[in-house]
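First up is the structure itself, then whatever we jot down about it.
First the proteins, then the strands, lettered A, B, ... as listed; each starts at 1.
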Amino acid sequence: MERYNFKIIEKKWQKFWEENKTYKTKVDKNKKKFYCLEMFPYPSGKIHMGHVRNYTIGDVLSRYKNLKGFNVLHPMGWDSFGMPAENAAKQNNQDPKVWTENNIKTMKTQLKQLGLSIDWDREISTCSEEYYKHQQKFFIEMFNKGLVYKKENYVNWDPVDETVLANEQVIDGKGWRSGAVVERKKLSQWFFNISKFADDLQNELEKLKEWPNKVKVMQQNWIGKSFGCEIDFKILGNPDIKSVKCFTTRPDTLFGFSFLALSVDHPLSELYKNDPKFNKFKDNCSKTGTTEESIANAEKIGFKTNLQAINPLDENKIVPVYFANFVLMDYGFGAVFGCPAHDQRDFDFAKKYKLEIKTVVKPLDQKDGYEVSLEAYTGPGTIINSDFLNNLKVPDESVIETIKILQKKKLGKKKINFRLKDWGVSRQRYWGCPIPIIYDEQGNYRTAPEESLPIKLPENINLNTKGNPLSSIEEWKKIKINGKDYYRETDTLDTFVDSSWYYLRFCSPKNLEEPFDLNDINYWMPVDQYIGGVEHAILHLLYSRFFMRAIGYQNKNFTFKEPFKGLFTQGMVCHETYKDNKNNWRSPDEIITKDGKNYFLKSDNSERIKVGPSESMSKSKKNTIDPERIIELYGADAVRFFILSDSPPEKDIQWSEQGMLASYKFIQKLFLLNDKVQNLIKLEKQNESDELSKYINQYLNKIERNLSNFQYNVIIANIHEAHAFIMKVIKEEKNFSNLINEYSKFLISVAPILPHFANECLSLLNIKDYSWPKIDEKFLIEENVSIVVQLNGKKRGIIITKKDIAEEELVKEIFKSKTFDKFLKDNTIKKKFYVKNRLINFLIEQ
RNA sequence: GCCCUCGUGGUGAAAUUGGUAGACACAAAGGACUUAAAAUCCUUGCCCUUUUGGGAGUGCCAGUUCGAGUCUGGCCGAGGGCACCA
């Protein structure tokens, strides 16, 4: 018998699918739709194992839904604007467009080698003019709706290259190319008003039943809705300053007020701009890192002003005003009222500057006279030491009541605050979608006139210039309208804008006039299953949700509001890391081991290699495995099989060459089985094997259940078991009359995972058109069940008996059986617990 | 520091959601086949027992229950998220 030659067979089927347009999207109105989308890749050069995992998971689902009779939309495209193209251009003097297009070509070939059921006729690329021209129209539409505005914002500025740097381009506070110390610089930039939808984005989250909870919690924290009030604090010490506004979620602790703290960027800082001590303090504040983690334990420092604030609930109470490093200008009003006893940061601050720490909340389990001592108390309790607020229950009653009182006295008002900031979309880069804005000579801006659209990126330009390349191309910048000179905006859009609506474009990819047909998107949207990495849990997914609200929902008659009905976030692909004795990273291809314990360098057997922990594959640690090489060695089906086998898809998976090899060998075994069946069915037909039908139907039942739960690793185990079972059945060397029928069901069941192999085997059986097999319910009914027999909760054996047996009858059978005789005969049974068809537990006297 | 998730053999993991713990696979050891190797197949897998059997056992400690990997409380550990968020 011939071995299964994946090289020939996989190519043959890929050619067949391409020529027959097998995976072209079809719409049959009698069928339901299913939109399966995986996050589209950035065309960085070659595909990596993460792509293989992501797209295999999606492909299994698409193929399954297809076989189940859905109209499936399963497209693919390229998130092709972005920095790597521009970096490559600068380093290797390549045109970003050419570089990107070459990468797309390579990666498309690689994806095809994986045997994905993608409708390539719908391919889109965000860097193409046909794509980004629509995006410019969206920008204008949003501008006209008041969802776009310009604001000053801080950026990382490289003074040598005169360019803005992304966070990842700043290494140890220095520019990645120039090595210059990065400065904080204010630039005027474009913003999308995402915070306008903050409340809706938050409220709709809970309706996303098919999203992982983890992602919803992350978005919830990001949006950060909080309920509280704004309070005006009267200020003494400067006749020009009347009051300062604060936001607080804890107005109920106002009687514990002992200082007022301002952000160093607060407007009042203007008063101190010529004070060298204040400026030194401000510098100190900027030295503390900007991440929450680095600041959490950082020392709380302050700058005492000559101002004082009056407690609105007790005018005799006057406290000092500080600038403090833990107050943010972006949130609330850049000012907080300090209540040290019930906020840890305020507590730390008060300790340092010896300010009053007055306890105003008593925990429920504490006696009278309770005082906060070692740390702030932030939990529930009752209000104390607070005059007319005393005895209110914290927090439900106290916060609401205090707000009511403040409102009555006109000292403050109820307010809901959000953490979510507006989305800065300006990028000072070449390789992105040009922003359709023009400026007159006075610097006044307006949207670019309709007839000047689309604004195309200039080609063949020199990228090795200082600053944003677009701003140095005078002829591109200039535009004349009605004889008047205007200048184009030279910022381009954040690439997250590109990916915020691409899933709509897939519904009508060929429409030249409009970004989509309303009919198409109302048919296909929302995406039924979106699959991608958890690293996009916040930004990409939140921006996409925002886009639906900004462009569509209100006035475009969309029949949906949320873009992604189901979301699945897959884990990463990991591999051990290797270092040589000079502490350089080494790639797995350079390493050899004979015993699995001691590792050496292939090129130099004497050099021992240190094996590090398994980490997600990355070029910098050299622990990557090239999918192309693996497909070449083992075939696409084997890679697909392995990448699903070892771990549940949502968890990280460990790459294992042995595991990969085992998957390859298993396919060879399946082919051997196929060969045997092929020979058997040529024999004269025998009676039916009931056992076989029963097994296959129960197996299909399990597969469907596991498919719907994304338990693909368990499906792989089910397939192994089914293979072993069928092998056992055919050992009898009989052509059971149901053999070909049941066996072909098995082949169809593996088709979503092993499409080349399954199609080849099915065509050898002359099966060309097939759909997902219907489960025959009668085989799911068991006549016999095995019931666990327990004594005092301990398993003493199993009894096989007929299904739905009555308790009395079962007990009789157990007493008849010799196995249980020794346990039961000398004991009195106090009680019995019978779980139908599962288990019986006898409680006996000890 | 705050929020979330997770702790099951040498390893990756299953467990019909409170009812046979360790399916399936990798690795290891032993065996069969072979002149030999590779490949393939079988067996084993903690403790006591020659076997039959029995016992312990799902991070640790308690609790609920006839029965807990699964539920509750506390502790320990690992991973992830975080924009100084008032």
In whole angstroms, how far is the [atom2] atom of [N] from the [atom1] atom of [X]?
| X | N | atom1 | atom2 | result |
| --- | --- | --- | --- | --- |
| A:Glu230 | B:A86 | CD | P | 16 Å |
| A:Asp652 | B:G12 | CG | P | 12 Å |
| A:Lys836 | B:C66 | NZ | P | 23 Å |
| A:Met660 | B:A25 | CE | C1' | 14 Å |
| A:Arg838 | B:U20 | CZ | C1' | 11 Å |
| A:Asn841 | B:G19 | CG | P | 14 Å |
| A:Tyr699 | B:C24 | OH | P | 15 Å |
| A:Tyr712 | B:A14 | OH | C1' | 18 Å |

Go ahead and name the base partner of B:U43; Watson-Crick or wobble counts if both distances stay under 3.5 Å, otherwise write none.
B:A29
Whom does B:C60 pair with, Watson-Crick or G-U wobble, provided both distances fall under 3.5 Å?
B:G74
Under a 3.5 Å threshold, yes or no: a donor from one side chain and an acceptor from the other, between [X] and [Y]?
| X | Y | answer |
| --- | --- | --- |
| A:Gln219 | A:Arg545 | yes |
| A:Ser258 | A:Tyr353 | no |
| A:Gln698 | A:Glu782 | yes |
| A:Asn718 | A:Asn706 | yes |
| A:Glu813 | A:Thr801 | yes |
| A:Tyr634 | A:Glu657 | yes |

When we call it a touch if two heavy atoms are under 4.0 Å apart, what does [X] touch: a base, just sugar-phosphate, or nothing?
| X | answer |
| --- | --- |
| A:Thr248 | sugar-phosphate |
| A:Ser786 | base |
| A:Leu843 | sugar-phosphate |
| A:Lys225 | nothing |
| A:Gln711 | sugar-phosphate |
| A:Lys795 | base |
| A:Val327 | base |
| A:Asn221 | sugar-phosphate |

Span that lies between the [atom1] atom of [M] and that of [N], in whole angstrom:
| N | M | atom1 | result |
| --- | --- | --- | --- |
| B:C24 | B:G9 | C1' | 15 Å |
| B:A62 | B:A68 | C1' | 14 Å |
| B:U49 | B:G54 | C1' | 8 Å |
| B:C41 | B:A21 | P | 30 Å |
| B:U44 | B:A25 | P | 14 Å |
| B:G45 | B:G22 | P | 12 Å |
| B:G69 | B:U58 | P | 7 Å |
| B:G10 | B:U17 | P | 30 Å |

Looking at A:Phe191, does the NZ or CZ of A:Lys151 lie under 6.0 angstrom from its six-membered ring centre and within 45 degrees of the ring axis?
yes
Of the candidate nucleotides [options], which contains the atom at the shortest distance from the side chain of [X]?
| X | options | answer |
| --- | --- | --- |
| A:Pro648 | B:A14, B:A86, B:A39 | B:A14 |
| A:Met218 | B:G81, B:A39, B:G19 | B:G81 |
| A:Ser656 | B:C26, B:A14, B:C66 | B:C26 |
| A:Arg796 | B:C66, B:G55, B:A13 | B:G55 |
| A:Lys794 | B:G55, B:A23, B:U20 | B:G55 |
| A:Ser647 | B:A14, B:G12, B:G55 | B:G12 |
| A:Val336 | B:U16, B:A86, B:U20 | B:A86 |
| A:Phe833 | B:C66, B:C24, B:A86 | B:C66 |
| A:Glu721 | B:A23, B:U20, B:A86 | B:A23 |
| A:Asp343 | B:C26, B:G81, B:A86 | B:A86 |

It should be established whether [X] places a side-chain nitrogen or oxygen under 4.0 Å from OP1 or OP2 of nucleotide [N].
| X | N | result |
| --- | --- | --- |
| A:Lys669 | B:C41 | yes |
| A:Arg3 | B:A39 | no |
| A:Lys651 | B:A13 | yes |

Go nucleotide by nucleotide along RNA chain B from the 5' end; which of A:Gly793 and A:Leu542 gets its closest nucleotide reached first?
A:Gly793
Residue closer to the 5' end of RNA chain B, A:Lys214 versus A:Val835 (nearest nucleotide)
A:Lys214
Which glycosidic conformation, syn or anti, is assigned to B:U17 if syn requires a torsion within 90° of zero?
syn
Is B:G45 in the syn or the anti form, by the rule that syn lies within 90° of 0?
anti
Does A:Lys209 reach the main-chain N or O of A:Glu206 with its side chain, forming a donor-acceptor pair under 3.5 Å?
yes
Mind checking whether A:Phe666 and A:Tyr664 have ring centres under 6.0 Å apart?
no
